Amino acid sequence: MATNTRYIELAKQLHPRLQRFFAKYPPTQILPTSTRTNTIKDGATPNPFLPHKHPETGKWHNPEFSLRRQAELVKLARQQGVEELLPFTSKGTEERIRHRVELGLRVRGTGVGQSVKGHLHERMLAAKMEKRRTAMLGMPKLVRHWRESGKGRWTKYPKSAFT
């Protein structure tokens with residue numbers, strides 16, 4: 001009996017929105033296992049964050065809480081430390097982390113083996129720098145050839161200088 005009063009005192013310290021939510025939709029952890037379903041048969045309340053099908057008419061009913069309100073409730077519950085007591089929602093921390101791991105950043109070019117397209121000068125930069133590097137390595141031979149032949153017999157960048 002003492003533990004029940006302790007839980008009641010802890011519940012009274014929650015944010016008023018969370019108190020109202022848990023009063024209307026008690027956590028499944030404290031409910032009997034026979035009422036942990038997502039249908040409204042036998043008086044069980046469905047998950048208010050998910051759409052559910054009416055058992056008699058077969059018509060789908062929208063969730064009780066919009067995605068924005070779900071996110072607000074999850075943030076409040078996370079701040080109060082009772083997020084695990086909320087029913088399943090796509091806005092929950094665990095679900096968001098699972099989704100991020102599964103799909104990644106979804107930014108083109110950030111995946112394995114991908115590269116961002118970029119501008120033409122950015123794409124050609126590596127080849128241009130490699131060509132410049134090889135030219136600089138061949139520069140001593142070119143200067144030596146120019147000194148041997150002189151200015152008068154100089155042909156622009158002779159092929160024999162690089163061989």
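Nothing here was measured: the structure is a model prediction, and the numbers come from that model.
The line from CG of Leu50 to CZ of Phe65 is 12.5 Å long, rounded to the nearest 0.5 Å. If you take CZ on Arg144 and CZ on Arg147, they are separated by 9.5 Å, rounding to the nearest 0.5 Å. The CG atom of Leu85 sits 11.5 Å away from the CD atom of Gln80 when rounded to the nearest 0.5 Å. In this structure, the separation between NE2 on His61 and OG1 on Thr57 is 5.0 Å, given to the nearest 0.5 Å. In this structure, OG on Ser90 lies 9.0 Å from NE2 on His99, to the nearest 0.5 angstrom. To the nearest 0.5 Å, atom CD1 of residue Ile97 and atom CD of residue Glu102 are 13.5 Å apart.
The two residues Lys53 and Gly58 make their nearest non-hydrogen contact at CE-O, 3.3 Å. Gly92 approaches Val74 most closely through the heavy-atom pair CA-CG1, 4.1 Å. The two residues Leu86 and Ala77 come nearest to each other via the heavy atoms CD1-CB, 3.6 Å.
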task = For side chain to side chain contact (heavy atoms under 4.5 Å, CB included), just list the numbers for Arg69 and Leu73, CA-CA rounded to whole Å, side-chain angles, deciding distance to a tenth of an Å, and then say yes or no.
result = CA-CA 6 Å; Arg69 288 173 63 200; Leu73 277 172; 5.6 Å; no

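The backbone N or O of Phe88 lies less than 3.5 Å from a partner atom in the side chain of Asn47, making a donor-acceptor pair. Here the side chain of Gln70 pairs no donor or acceptor atom with the backbone of Lys91 at under 3.5 angstrom. In terms of modelled atom types and a separation under 3.5 Å, the side chain of Glu64 and the main chain of Phe49 share no donor-acceptor contact.
Inter-residue side-chain proximity for Pro63 and Pro48 is flagged as unmet; no heavy-atom pair is nearer than 4.5 Å.
Atom CD of Glu94 has 12 or fewer neighbouring heavy atoms from other residues, nucleotides or ligands inside a 6.0 Å radius. In this structure, Glu122 places its CD atom where more than 12 heavy-atom neighbours from other residues, nucleotides or ligands lie under 6.0 Å away. In His121, the NE2 atom is crowded: over 12 heavy atoms of neighbouring residues, nucleotides or ligands sit closer than 6.0 Å.
Salt bridge status for Glu72 with Arg17: present, with a side-chain N to carboxylate O gap under 4.0 Å.
Side-chain atoms of Thr93 and Glu83 form a donor-acceptor pair, as typed in the model, at a separation below 3.5 Å.
Between Tyr25 and Phe21, the angle of the ring planes lies from 30° to 60°, which puts this pair in the tilted group.
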